[in-house]
2 protein chains.
Amino acid sequence: MRKRFCARHGKDYPCSCGMGNLYRFVEPVVLLLLKMKGTSYGYDLAADMEGHALTDTTIEKGVLYRTLRRLESNGNVKSEWESEGHGPARRIYKLTRQGEEHLEEWADVLEHLSKSMTRFVRDARKPAGKKVRATR
Amino acid sequence: MRKRFCARHGKDYPCSCGMGNLYRFVEPVVLLLLKMKGTSYGYDLAADMEGHALTDTTIEKGVLYRTLRRLESNGNVKSEWESEGHGPARRIYKLTRQGEEHLEEWADVLEHLSKSMTRFVRDARKPAGKKVRATR
DNA sequence: GCTTTATAGGTGTAACTCGCACCTATAGTA
DNA sequence: TACTATAGGTGCGAGTTACACCTATAAAGC
């Protein structure tokens with residue numbers, strides 16, 4: 001991975017508070033979009049990602065295509081080529097039953113994570129509670 | 001990285017919905033604990049991590065110590081050895097002013113992420129909206 | 001015909017992270 | 001003398017990511 005660029009701190013600062021589009025978050029968004037759209041393909045998903053992404057970084061084509069292939073090899077989506085219409089052929093993806101279940105699991109995981117983060121934010125903004133010396 | 005073990009899917013399934021303790025989440029929790037405790041050291045932080053971690057995976061010692069070193073090289077914490085007392089010496093860490101600001105940035109980032117996740121969960125559990133064929 | 005643009009789906013690779021195993025050392029207790 | 005709790009690490013292979021780069025089809029402009 002090349003040095004992650006953080007909008008807050010610039011390069012040469014190994015910070016990740018910018019939160020790159022790590023595949024952990026690309027994956028669930030792809031699953032959700034496929035559920036909402038019924039079927040779709042890479043190029044089309046890329047355009048919709050921006051509106052549904054969990055972070056505000058732009059999605060990375062390479063990650064998206066590789067995520068789709070991985071989801072297929074895991075049985076969460078299936079695909080077939082569509083050559084009709086104008087322009088190059090599209091690989092049309094669709095959720096499998098297993099993929100729907102996987103999306104539900106992601107919802108459980110992210111719900112839990114979301115609550116933890118809310119708690120974190122509350123604690124972090126609390127005006128520096130009583131300083132307890134590290135005990136031993 | 002060795003194959004991540006996912007409690008839901010077992011090994012040999014490259015899934016990350018188990019969410020390992022990636023340093024992106026270890027870092028903010030360390031910053032928060034240092035703010036709450038005033039000062040602390042690696043071994044002590046490790047014990048407290050479980051109660052404040054954003055995910056429910058156990059923290060990894062190696063990641064924790066490396067995170068502390070990285071935070072110091074970035075100027076977010078500073079440390080000094082404490083040899084008094086019984087047992088081996090402890091490297092005592094303390095937030096710098098910059099570290100406090102960095103924690104506030106993390107709070108902003110995680111607040112935004114938390115809201116995105118809540119929206120995701122709501123959408124994911126919506127009973128499969130009207131299937132709109134991919135347009136082009 | 002030829003070039004440009006929009007669409008579509010990729011691959012190669014270096015830099016980086018992570019998880020596990022493993023290591024050293026101090027002080028108190030059995 | 002051995003064992004346990006405490007404390008702070010390191011080595012490294014396997015996996016991820018960001019960026020650059022590639023091929024190809026069809027339509028529109030010249």
Side-chain angles (χ1 to χ4, degrees), chain A residues 1-7 11-16 18-27 30 40-49 55 57-70 72-74 79-93 134-136, chain B residues 1-7 11-16 18-27 30 40-49 55 57-73 79-93 134-136:
Chain A
M1 196 183 356
R2 221 141 292 160
K3 187 76 64 190
R4 197 192 320 279
F5 175 74
C6 169
K11 54 208 127 296
D12 302 327
Y13 184 97
C15 163
S16 59
M19 299 290 275
N21 45 312
L22 59 171
Y23 93 110
R24 304 155 204 271
F25 294 144
V26 172
E27 179 176 304
V30 166
S40 189
Y41 53 98
Y43 201 83
D44 182 55
L45 288 168
D48 288 338
M49 288 291 285
T55 67
T57 50
T58 53
I59 52 99
E60 214 285 310
K61 267 158 41 73
V63 173
L64 175 59
Y65 283 115
R66 274 188 266 245
T67 299
L68 284 166
R69 302 301 216 89
R70 192 170 33 75
E72 180 153 35
S73 77
N74 287 342
S79 74
E80 49 188 42
W81 284 99
E82 186 185 73
S83 309
E84 284 92 86
H86 34 267
R90 282 135 285 157
R91 193 193 276 274
I92 304 289
Y93 288 92
T135 53
R136 58 190 331 269
Chain B
M1 197 179 358
R2 220 140 293 159
K3 186 75 67 190
R4 198 191 320 279
F5 175 74
C6 169
K11 56 208 124 296
D12 301 326
Y13 184 96
C15 164
S16 58
M19 300 290 274
N21 46 314
L22 58 171
Y23 93 112
R24 303 157 204 271
F25 295 144
V26 173
E27 179 177 304
V30 166
S40 188
Y41 53 97
Y43 200 83
D44 181 54
L45 288 167
D48 288 339
M49 289 290 287
T55 66
T57 50
T58 53
I59 52 99
E60 215 283 310
K61 266 158 40 75
V63 173
L64 176 59
Y65 283 115
R66 275 188 270 245
T67 298
L68 284 167
R69 300 304 216 89
R70 192 169 33 75
L71 282 170
E72 181 153 34
S73 76
S79 74
E80 50 188 43
W81 284 100
E82 186 185 75
S83 307
E84 283 91 86
H86 34 266
R90 282 137 283 156
R91 193 194 277 272
I92 305 289
Y93 287 93
T135 54
R136 57 189 334 267

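Model, not experiment: these values are computed from the prediction. All chains are named by letter (A, B, ...) in the order of the sequence lines, taking the proteins before the strands, and each is independently numbered beginning at 1.
When the P atom of dT7(C) is taken as reference, atom CG of Asp48(A) falls 13 Å away, rounded to whole Å. One atom, OH of Tyr41(B), and another, P of dT6(D), lie 9 Å apart when rounded to the nearest Å. Between the CD atom of Glu27(A) and the C1' atom of dG15(D) there is a distance of 14 Å, rounded to whole Å. One atom, CZ of Arg90(B), and another, P of dT24(C), lie 23 Å apart when rounded to the nearest Å. A straight line from CD1 of Ile59(A) to C1' of dG9(C) spans 13 Å, rounded to a whole angstrom. The CD1-P distance, from Ile92(B) to dT6(D), rounds to 15 Å in whole Å. What separates OH of Tyr43(A) from C1' of dT25(D) is a distance of 13 Å, to the nearest Å. Look at CD on Glu84(B): it is 16 Å from C1' on dA7(D), rounded to the nearest Å.
Between Tyr41(A) and Tyr93(A), the shortest heavy-atom distance links the atoms CA-CD1, 4.4 Å. Summarising the geometry of Tyr43(A) relative to Tyr65(A), their closest heavy-atom pair is N-OH, 3.7 Å, with the distance given to 0.1 Å. Of all heavy-atom pairs between Arg91(A) and Ser79(A), the closest is NH1-OG, 3.3 Å. Considering every non-hydrogen atom in both Gly42(B) and Leu64(B), the closest pair reads O-CD2, 3.5 Å.
The phosphate of dG8(D) (OP1 or OP2) has no side-chain N or O of Arg69(B) nearer than 4.0 angstrom. Put simply, Arg70(A) has no side-chain N or O that comes within less than 4.0 Å of OP1 or OP2 on dT16(D). Close to dG9(C), at under 4.0 Å from its OP1 or OP2, lies a side-chain N or O of Tyr65(A).
When distances run from any side-chain atom of His86(B) to the nucleotides dT25(D), dG9(C), dA27(C), the shortest one goes to dA27(C). Of the listed nucleotides (dG8(D), dT26(C), dA18(D)), dT26(C) has the atom at the smallest distance from the side chain of Pro88(B). The side chain of Trp81(A) approaches dG9(C) more closely than any other nucleotide in the set dG9(D), dA18(D), dG9(C).
Under the 4.5 Å side-chain criterion, counting only non-hydrogen atoms from C-beta, Arg70(A) is in contact with Thr67(A).
Projected onto DNA chain C by closest heavy-atom contact, Tyr93(A) and Gly62(B) fall at different nucleotides, the more 5' of which corresponds to Tyr93(A).
Among the atoms of the strands shown, base atoms are found under 4.0 Å from some heavy atom of Arg66(B).
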